[in-house]
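Below is one structure; the comments refer to it alone.
Below, chain A is the first sequence line, B the second, and so on; all start at residue 1.
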Amino acid sequence: MQTANLLPLVLVLAVVAYGLAYMRSRAVAAPLGGIRNLKALPFYYAARAALWCAIPALIVLAAWAGFEGKIIQGIVIASLPQETWPESAGEASLILSQISNVAAGKLNPEFVPEHIAGAASLLENLESQSRNFKAILVILIAILGAAFAWTRVAPHINARKNVETTLRRIFFVCAALAVLTTAGIVFSVIFETVRFFNRVPLSEFLFGTTWSPQTALRADQVGAEGAFGVIPLFTGTLLISAIALLVAVPVGLLSAIYLSEYASRRVRSTAKPVLEMLAGIPTVVYGFFAALTVAPFIRDLAEMVGLEASSQSALAAGLVMGIMIVPFVSSLSDDVINAVPQTMRDGSLALGATQSETMKKVIFPAALPGIIGGILLAASRAIGETMIVVMAAGLAANLTANPLESVTTVTVQIATLLVGDQEFDSAKTLSAFALGMLLFIVTLLLNVVALKIVRKYREQYE
Amino acid sequence: MSDQSSQAEIVRNSLKRRYRKERRFRLYGMVAIFIALGSLFILFADIIGKGHTGFIKTTITLDVTLDSEMMYLDDPTDEDQRSMADFVAPIIDALQDHIPEAETAAEKRELGRLVGNYAASEVRDLLENNPDLLNTTQTIEFLAHDRVSTYVKHAGNPRYSIKLSEQQQRWVDELVEKGVIDTSFNDVLFSRGDSREPSNAGILGAIVGSLLTMLVTLAIAFPVGIAAAVYLEEFAPQNKFTDFIEVNINNLAAVPSIIFGLLGLAVFIGLFGMPRSVPVVGGMVLALMTLPTIIISSRAAIKSVPPSIREAAEGVGASKMQVVLHHVIPLAMPGMLTGTIIGMAQALGETAPLLLIGMVAFIVDVPTGFFDSATVLPVQIYLWASSSEQGFIELASAAIMVLLTFMISMNALAIWLRKRLERRW
Amino acid sequence: MNTINPSISTGVNMRDKQAAEIPVPQDKPEDTIIEEGKTVGKPFASDPKFQLRNVSVSYGSDRAIKDISLDIGRNEVISFIGPSGCGKSTFLRCLNRMNDSIDICRVKGQLMLDGEDIYSPKRDVVELRARVGMVFQKPNPFPKSIYDNVAYGPKIHGLANRKSELDEIVENSLRKAGLWEEAKDRLDSVATGMSGGQQQRLCIARAIAVSPEVILMDEPCSALDPIATARVEELIADMSKSYTIVIVTHSMQQAARVSNRTAYFHLGHLVEVNETNKVFTSPEHQLTESYITGRFG
Amino acid sequence: MNTINPSISTGVNMRDKQAAEIPVPQDKPEDTIIEEGKTVGKPFASDPKFQLRNVSVSYGSDRAIKDISLDIGRNEVISFIGPSGCGKSTFLRCLNRMNDSIDICRVKGQLMLDGEDIYSPKRDVVELRARVGMVFQKPNPFPKSIYDNVAYGPKIHGLANRKSELDEIVENSLRKAGLWEEAKDRLDSVATGMSGGQQQRLCIARAIAVSPEVILMDEPCSALDPIATARVEELIADMSKSYTIVIVTHSMQQAARVSNRTAYFHLGHLVEVNETNKVFTSPEHQLTESYITGRFG
Amino acid sequence: RDTINIVGSSTVYPFATVVAERFGRNTDFPTPKLESTGSGGGLKLFCEGVGTQHPDITNASRRMKPGEFENCQSNGVEKITEVRIGADGIVIANSRDAEKLDLTLKQVFLALAKEVPDPDGGDELVPNPYEKWSEIDSSLPDFEISVMGPPPTSGTRDAFVEIAMQGGCKQYDFIKNMDKSEMKSVCHAMREDGPFIEAGENDNLIVQRLAQDPQTLGIFGYSFLMENTGQIQAASVNGVEPTPEAISSEDYPVARSLWFYVKNAHVGVVPGIKEYIAEFTSESAWGDNGYLVDVGLIPLPRDQRMKTAKRARNLEPMTGNEL
Ligand SMILES: Nc1ncnc2c1ncn2[C@@H]1O[C@H](COP(=O)(O)OP(=O)(O)OP(=O)(O)O)[C@@H](O)[C@H]1O
Ligand SMILES: Nc1ncnc2c1ncn2[C@@H]1O[C@H](COP(=O)(O)OP(=O)(O)OP(=O)(O)O)[C@@H](O)[C@H]1O
Ligand SMILES: [Mg+2]
Ligand SMILES: [Mg+2]
Ligand SMILES: O=P([O-])([O-])[O-]
């Protein structure tokens with residue numbers, strides 16, 4: 001049986017185990033005078049049975065699925081005549097692929113060497129055996145697990161604790177996944193980063209004021225390695241994110257306030273999801289909009305008042321990005337503002353406060369922690385956005401604070417370096433990983449500091 | 001009490017000023033909404049203006065005589081014969097019925113280019129499936145060539161370079177007059193995978209790809225996000241490790257999405273040996289990317305559940321887990337859904353990380369499972385938007401509309417749920 | 001104490017008085033005992049601060065207040081009593097339009113404060129509420145410091161020109177509410193960390209800090225200990241010289257101690273209004289009597 | 001009513017009794033009148049349900065309960081009285097560990113229920129709370145239907161085997177809390193839309209629906225009208241046959257009516273515990289007396 | 001695996017996809033999967049090894065470099081077939097509303113280089129002082145230099161710099177006489193002070209910007225010109241118009257070849273590779289009237305096509321010396 005079929009089967013078994021254990025626990029309870037005499041609700045005995053049924057079976061299933069391929073392949077390869085044994089892993093995978101293509105009828109067996117054709121039938125054989133064994137084993141384990149749980153349906157056993165502990169562990173694993181993700185990210189950039197720093201000194205990277213990796217297109221092309229100073233990238237990131245937040249925070253916050261306090265229920269329930277669509281419009285669309293509509297408009301405007309402006313500007317990218325992240329601020333703020341108890345509003349209104357005073361002085365402070373969460377998310381999204389910046393603000397790493405000039409950001413550089421035509425081993429490509437690592441570290445530090453500050457603020461407040 | 005009346009006086013005097021403030025504040029709110037909605041409106045107008053023609057297809061309906069001599073084909077079931085046969089000839093012949101003036105070989109070839117690139121394949125497939133039709137006359141609706149389509153849809157618009165010769169333009173005008181060339185709703189767009197010919201290209205593959213990817217993302221991100229938020233808010237002891245997790249989550253929210261692509265490449269594809277370009281990997285990468293959004297907003301929602309509710313439940317002897325499952329999560333669900341909606345919307349529109357794990361691929365076949373090579377809507381849009389053919393630019397805008405529709409319908413359910421669950425206490 | 005002249009009392013009341021004298025069989029459903037809009041006693045005053053006529057309030061399709069007419073005299077202290085859920089809070093909240101914030105709540109009838117319609121669309125709600133203060137049934141301090149809670153009203157109305165004036169207002173209000181001694185050393189700590197009674201007194205202090213003309217109190221002493229209660233009652237007595245006070249209470253002793261008139265509500269009807277001692281000693285309506293005689297405290 | 005045998009009363013109390021007899025000058029700071037851990041009267045019982053020894057509770061660095069020792073007898077009704085903010089609620093919440101959920105709250109001392117340590121790490125809080133139910137000071141219904149509010153406890157404890165049993169429990173509980181008549185037609189409507197008093201009675205119904213051994217009531221009648229109050233008091237009298245009841249109240253009449261013993265708290269100290277009539281007629285401690293004599297309510 | 005996996009250049013992508021789609025339609029093999037990774041990215045993936053997890057074919061808009069070939073060899077990708085499929089021209093275009101330009105490589109270099117020879121004479125290099133085209137040559141129009149071009153990460157930019165910039169640059173003798181790497185660093189450095197605008201990889205964006213702003217020029221591939229002749233026109237370079245003939249014959253100076261590379265070890269394992277090569281190199285595809293020409297490929301001269309096709313169908317591996 002295929003894994004794809006076994007999975008639902010195990011789930012069905014778990015449901016059956018649930019039902020049986022539920023009935024049994026009620027049956028056990030009946031002579032004692034009702035379920036109140038059990039240590040836990042029937043639900044918990046049942047849930048425990050379902051967990052016992054499903055979890056070990058799934059683990060075995062996963063393990064089998066993980067190793068089955070390797071083992072079968074080993075056997076198949078070993079069955080080949082010795083002189084045709086592959087010399088490298090790549091060759092092995094080719095031979096195996098050939099064998100499986102023959103087995104699947106995609107290559108004509110007449111056109112391949114005989115030993116391959118033989119191996120193909122062996123492969124088919126092994127695979128069907130493995131499938132059968134797997135199915136039997138998994139079902140057996142599921143049933144055993146359920147049976148064990150069945151025996152443990154007894155009035156003195158507190159199944160609730162078991163279930164809750166398991167759940168709690170699962171919750172913990174979910175939370176810890178964030179740490180694993182972080183580890184994964186570090187793992188995926190660390191090697192290249194180290195290789196990059198073997199070529200470019202850390203000090204130049206951190207304190208250099210020019211970013212111009214293109215001069216290092218090829219090792220044989222230019223004597224120097226190019227310029228890898230991240231400062232213009234970070235100032236660019238800062239500039240654009242700041243502009244974006246200057247748009248998104250007021251617009252988002254005021255929208256949220258308007259929606260939750262002034263707008264009628266109908267308006268609110270339509271406007272909020274409509275605003276949320278802003279977050280889901282593909283960034284390519286924003287990019288075209290920024291580059292073709294907003295940027296030229298800004299340039300014309302600037303020239304009208306006698307300012308010099310680039311046809312790609314940080315301002316254009318920032319403004320459009322600001323619009324994009326509005327829903328992060330507006331929706332999350334709306335939720336927390338809405339969660340402030342009505343009695344707070346009543347308290348303030350009864351004193352003769354206007355709605356805006358109530359909002360500014362009572363609701364807003366009470367909702368502040370949640371609002372800040374929304375703003376941080378918006379800021380994070382702004383830092384991470386690439387497409388808009390590439391199209392509207394360009395790729396020129398100018399060290400400037402003038403929003404009318406074109407700048408570039410860290411993530412844009414990472415993206416263009418990674419997605420563009422990459423040299424497998426040049427400092428240019430490697431610098432993308434170093435940038436990723438650096439950005440990661442910087443935001444991490446900022447978050448640590450933020451956490452400290454929030455803690456302090458909270459302590460003072462309490 | 002004079003105090004009272006004087007204070008009433010003060011209050012009355014202050015009212016004008018305060019109402020001005022109130023009105024101004026309200027106005028700010030309205031302006032903010034206006035800006036946000038206005039931008040959305042402009043964006044939509046832009047997309048629709050560019051893309052509505054993507055929903056129109058141009059067809060040429062011809063009475064084709066499937067003459068075996070003309071095609072050099074005696075037996076349509078014979079593969080060798082099929083591969084040598086000329087399936088274009090009957091089409092040109094049918095066109096000549098309408099345009100008798102095309103006589104030279106060059107003119108005939110020009111004529112043949114009015115129908116789409118795969119017109120001949122259509123004839124071939126028809127005969128292969130129904131060999132009896134040989135030497136009969138069939139009315140067949142062909143897709144017009146992309147150039148004809150552009151000409152018909154945008155005749156007279158100088159922004160579109162019309163790449164038909166004068167002669168072809170005349171012919172097309174004539175055929176339109178006769179009703180041979182006609183436009184109708186572009187069902188091809190919704191029934192096929194990608195193609196290199198704009199008139200043949202569809203987004204069904206991308207839609208299915210997006211659907212599969214989003215399913216994986218949702219199945220991972222929603223439960224895991226909520227579980228993590230619940231753990232951190234309700235169960236986590238105040239210690240260094242919890243702080244560490246918290247910092248990590250906030251930090252992941254700021255990690256550029258493309259880095260998640262690197263992660264997927266290094267871990268899922270490199271370490272675990274999963275295949276490139278498949279929805280499972282894409283879904284997992286996007287799930288990791290959306291998790292912080294869901295966790296952070298869920299935590300905010302959990303925080304805003306009043307403690308009195310927890311006390312009430314604990315007071316009747318509910319365990320911590322019961323309090324959480326029975327009261328906290330239901331009450332926090334609107335906020336959790338908001339996070340999920342935004343996160344999923346973001347995931348649905350994301351391109352960058354998918355580029356690195358190979359979901360930016362030309363895939364014609366509609367994927368049928370989580371392990372089939374697939375692409376997703378935003379990537380399809382990205383690919384089309386960077387193609388040179390003008391037909392693809394229209395399609396890209398049309399695909400954006402489809403993506404937005406997709407997003408709206410995906411969110412509609414969540415929003416409906418949220419509205420039902422929402423209450424002030 | 002102001003004398004309340006029942007000059008406007010109409011024949012309707014007279015008729016009801018008689019009705020009250022005829023003993024009504026106990027097993028008859030209560031609703032039939034009360035005729036809608038008919039109130040026994042002296043519902044009208046000669047110098048009314050509030051004139052309320054034919055007021056009905058409904059939550060969605062449920063009518064919580066049924067056609068009540070009542071005057072509240074200037075500088076009068078009036079108590080609303082009645083069984084739980086009879087609509088006292090609802091009626092009270094009409095007087096400063098706090099019901100506006102409940103979507104499904106609809107108020108009908110004529111409600112006048114100093115001869116001006118409360119529910120007129122032109123009415124300035126903010127000014128109304130500044131003049132008609134309120135203390136709620138559940139204490140609802142803002143999650144701010146104690147000081148900021150009290151200073152909030154004066155600040156938004158601009159009642160203090162200087163910090164010192166504000167300090168003074170805060171101190172006075174807390175003193176009047178009997179919270180100063182407990183709170184003076186922790187003015188900066190968050191109000192939600194106080195005990196229930198402290199919170200309630202804080203809300204009273206917050207309400208009187210803006211010196212309204214009318215104070216509506218919804219069971220202000222329900223969470224208070226006797227000492228604090230006494231202090232609040234003293235405060236009410238004090239204020240009654242220049243304020244109009246409406247107080248909802250479950251304690252008939254309290255009603256007796258503080259109020260000039262007492263109104264008895266029953267299932268959304270205003271059954272009887274009269275001078276307090278009259279209500280407690282010789283109630284005219286059967287329902288009032290049965291409520292009073294089951295008196296507790 | 002159970003007799004409480006003050007067999008464990010120690011010399012300490014005797015000394016304090018004398019202390020109380022010596023008049024203490026009024027202007028002396030109150031703290032000096034009460035010695036920490038010294039309680040006048042009969043703090044101990046012969047058949048204790050709770051044995052509480054040297055209990056101290058602090059919020060962060062503020063001590064809210066200062067070294068209190070007290071027994072609560074089996075099937076006894078004991079009232080806690082005292083000025084607002086003196087720590088009654090805090091102490092009450094120790095008895096079923098509701099303080100656990102307040103991060104900064106620290107409880108010290110020995111607290112035993114039926115001879116088992118309440119605060120032992122091995123203690124199952126859920127079981128404890130199922131045995132020791134609680135009604136809170138502010139009514140806090142779940143934002144669910146009335147029925148679900150009451151049925152919640154029985155459901156999670158598996159007290160009903162069938163829907164009909166559950167219905168019965170709900171009806172009984174609501175009846176006992178005196179809410180059945182008002183609520184029976186709207187069992188499916190949301191509980192937060194009820195009046196304050198209705199909410200409070202609902203919370204009582206919710207607490208008794210799980211038939212705990214002990215019920216802790218934090219001012220259960222503060223939002224109730226006299227009739228409802230009477231019903232709750234009847235309920236308490238009823239339950240006192242088989243339940244242990246601790247009630248915090250501001251109404252001394254109520255304390256007098258329902259409780260066997262009364263404990264007087266002051267600024268975190270337990271000043272005096274004694275048979276209720278003794279406390280109200282001849283208080284031993286100066287502070288108790290001054291509190292009692294300013295009686296209201 | 002039974003589907004051909006192809007990676008590589010975004011420039012070749014539109015052509016390869018057309019072939020792949022036809023191939024999928026007209027044969028029983030599944031349609032190959034094509035990823036657009038850029039030439040370098042494609043070669044990197046391609047050279048990572050043999051085996052089903054690695055691609056079978058990579059496209060490139062430039063020739064494989066010796067370093068990449070070595071990398072392939074060291075990873076066990078020994079036999080590689082190289083197929084040159086045609087040419088692509090890089091055009092410098094502006095809006096049809098503006099006057100048509102006639103540029104020389106030298107002018108292009110002077111307009112876009114970071115450092116140029118001192119306009120006042122001498123063999124000095126100075127930071128590029130030119131603000132307007134007319135300052136470079138009075139025959140050029142009197143408006144500001146503003147050129148949108150591809151980012152440094154794209155193959156198009158790569159080719160433009162190597163062919164156009166270096167071509168213009170070498171016309172100065174003193175630069176030509178510099179040692180090789182110094183010369184390259186002078187010639188390849190694009191100015192970063194504004195007149196040259198890096199516009200990301202989206203050439204449609206450049207086209208649309210040009211249509212909006214007649215004073216801006218854009219640099220992109222020939223196919224985008226062909227598709228947008230309604231809006232834009234190309235400048236002639238050194239007097240030669242970018243016509244297919246001129247590009248194919250290399251009369252037009254800024255032209256480059258397009259390639260794909262096949263991993264011989266995968267032939268016979270992954271079904272269809274041979275047939276795919278055959279389709280790509282058939283006259284109906286890349287011939288003078290083939291369908292690839294329709295989408296903008298500039299075909300090789302006929303004799304070269306014949307030779308290449310023969311080598312490709314025989315899977316003649318590269319030696320590494322030809323690079
Ligand atoms: N969560 C808390 N955080 C900090 N301090 C608190 C908290 N809860 C109560 N306190 C403080 O502890 C002391 C005792 O409070 P408690 O609520 O026990 O008083 P109480 O006797 O119940 O008063 P009341 O009759 O007004 O309810 C008070 O000074 C109060 O301010
Ligand atoms: N927000 C609301 N939505 C729906 N019904 C409500 C709402 N508030 C009150 N009610 C209903 O209106 C009626 C009157 O309620 P109200 O709060 O005025 O009673 P009350 O006299 O103040 O009682 P209590 O003394 O218990 O506070 C009750 O039946 C109550 O259930
Ligand atoms: Mg009320
Ligand atoms: Mg209390
Ligand atoms: O993708 P490229 O053709 O630019 O390498």
Side-chain angles (χ1 to χ4, degrees), chain A residues 164 167-168 170-172 174-175 177-179 181-182 184-185 187-189 251 254-255 257-258 262 269 271 273 275-282 284-285 289 323 326-328 331-332 335-336 339 341-342 354 356 370 373 377 380 383-384 386 411 414-415 418-419 436 440 443-444 447-448 451, chain B residues 18 21-22 25-26 28-30 32-33 35-36 39-40 43 46 224 227-228 230-232 235 245 247-259 262-263 266-267 288 293 296-297 300 304 321 335 338 341-342 345-346 348-349 352 355 378 381-382 385 400 403 407 411 415 419 424-425:
Chain A
E164 288 186 350
L167 260 185
R168 207 183 141 129
I170 293 175
F171 285 10
F172 172 76
C174 290
L177 194 65
V179 181
T181 309
T182 301
I185 286 176
F187 165 79
S188 50
V189 299
V251 171
L254 288 169
S255 305
I257 289 170
Y258 186 83
Y262 292 106
S269 61
L275 282 186
E276 276 161 3
M277 284 165 55
L278 281 173
I281 295 180
V284 197
V285 180
F289 181 63
I323 294 295
V326 159
F328 283 76
S331 274
L332 294 176
D335 279 345
V336 285
Q342 181 64 29
T354 61
S356 64
L377 263 187
S380 305
I383 291 173
T386 48
T411 45
I414 297 174
L418 283 178
V419 181
F440 192 78
T443 51
L444 193 68
N447 273 305
V448 171
L451 186 75
Chain B
R18 285 166 62 199
K21 270 197 184 162
E22 169 82 19
F25 190 69
R26 220 181 140 117
Y28 292 153
M30 272 155 75
I33 297 253
I35 290 176
S39 317
L40 192 71
L43 283 165
D46 191 47
V224 171
V230 165
Y231 180 80
L232 291 175
F235 296 107
I245 294 181
V247 166
N248 261 305
I249 288 171
N250 291 342
N251 189 40
L252 286 179
V255 169
S257 55
I258 193 155
I259 300 276
L262 281 182
L263 166 77
V267 176
L288 291 184
T293 306
I296 291 172
S297 50
S304 60
M321 187 63 77
T338 297
I341 290 170
I342 296 185
Q346 188 187 343
L348 184 59
L355 302 186
I381 291 163
Y382 167 86
I400 288 168
L403 171 64
M407 185 181 81
N411 289 0
I415 288 165
K419 227 174 86 188
R424 276 184 186 171
W425 49 75

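B:I259 is not listed as a side-chain neighbour of A:F440, based on a closest heavy-atom distance of 4.5 Å or more. Between B:L40 and A:I281 the shortest side-chain heavy-atom distance falls below 4.5 Å. Side-chain contact between A:L254 and B:F25: present, with at least one pair of heavy atoms (C-beta onward) separated by less than 4.5 Å.
With hydrogens and angles disregarded, no donor-acceptor distance shorter than 3.5 Å links the side chain of B:E22 to the backbone of A:T354.
At a 4.5 Å heavy-atom cutoff, the contact between B:L262 and chain A is made by backbone and side-chain atoms alike. Residue contact with chain B, scored on non-hydrogen atoms closer than 4.5 Å, involves the side chain of A:V326 exclusively. B:I400 touches chain A through its side chain: at least one heavy atom from C-beta onward sits under 4.5 Å away, while N, CA, C and O do not. Interface residue A:L377: only side-chain heavy atoms are found under 4.5 Å from chain B. Interface remark: A:I383 contributes side-chain atoms only to the contact with chain B (heavy atom separation under 4.5 Å). With a 4.5 Å cut-off on non-hydrogen atoms, B:L263 touches chain A through its backbone and its side chain both. When heavy atoms are compared at a cutoff of 4.5 Å, A:I323 approaches chain B solely by way of its side chain, counted from C-beta outward. Only the side chain of A:F187 comes within less than 4.5 Å of a heavy atom in chain B; its backbone stays farther off. With a 4.5 angstrom heavy-atom cutoff, A:F289 touches chain B only via side-chain atoms. Residue contact with chain B, scored on non-hydrogen atoms closer than 4.5 Å, involves the backbone and the side chain of A:L278 alike. In this structure, the portion of A:V336 lying under 4.5 Å from any heavy atom of chain B is its side chain and not its backbone.
Highest contact tally toward chain A, considering only B:T293, B:I35, B:L232, is held by B:T293 [criterion: heavy-atom pairs under 4.5 Å]. Contact tally against chain A (heavy-atom pairs below 4.5 Å) for B:L348, B:D46, B:L288, B:I249: the top residue is B:L288. Looking only at heavy-atom pairs under 4.5 Å with chain B, the residue among A:V448, A:I170, A:V179 that has the most is A:V179. Chain B forms more heavy-atom pairs under 4.5 Å with one residue of A:P273, A:G184, A:S356, A:G384 than with any other, namely A:S356. For the set B:L355, B:V230, B:I258, B:L403, the count of heavy-atom pairs under 4.5 angstrom toward chain A peaks at B:I258. With respect to chain A, the highest number of heavy-atom pairs below 4.5 Å among B:S39, B:G349, B:P256 belongs to B:P256.
Minimum interatomic distance between B:I381 and A:P282 (heavy atoms only, all atoms of both residues): CD1-CG, 4.3 Å. Across A:L275 and B:A36, no two heavy atoms sit closer than the pair CD2-CB, 3.4 Å. Scanning all heavy atoms of the two residues, the minimum distance from A:P327 to B:I342 falls at O-CD1, 3.6 Å. Taking all atoms of both residues into account, the shortest heavy-atom contact from A:S188 to B:A266 is CB-CB, 3.2 Å. Closest approach of A:R168 to B:M321, counting heavy atoms only: N-CE, 3.7 Å.
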- Starting from the C-alpha separation in whole Å, work towards a yes-or-no answer on side-chain contact (heavy atoms from CB on, under 4.5 Å) for B:V224 and A:L177. CA-CA 9 Å; B:V224 171; A:L177 194 65; 3.7 Å; yes

- Message: I'd like to know whether A:I185 forms a side-chain contact (heavy atoms from CB on, under 4.5 Å) with B:L252, so could you lay out the CA-CA distance, the side-chain angles of the two residues, the decisive distance to 0.1 Å, and finally the verdict.
- Response: CA-CA 10 Å; A:I185 286 176; B:L252 286 179; 3.7 Å; yes

- Do B:S297 and A:D335 pass the side-chain contact (heavy atoms from CB on, under 4.5 Å) test, and can you show the C-alpha distance, the side-chain angles, and the key distance before you say yes or no? CA-CA 9 Å; B:S297 50; A:D335 279 345; over 6 Å; no

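Considering OG1 of A:T181 and CG of B:N251, their distance stands at 11.5 Å, rounded to 0.5 Å. With rounding to the nearest 0.5 angstrom, the CD atom of A:E276 is 13.0 Å from the CD atom of B:Q346. Distance check: A:L444 CG to B:N248 CG gives 6.5 Å after rounding to the nearest 0.5 Å. Note that the CE atom of B:M30 and the OH atom of A:Y258 stand 4.5 Å from one another [nearest 0.5 Å]. To the nearest 0.5 Å, atoms CZ (B:F235) and CG (A:L167) are separated by 8.0 Å. Here the CD1-SG distance, from B:I245 to A:C174, works out to 11.0 Å after rounding to the nearest 0.5 Å.
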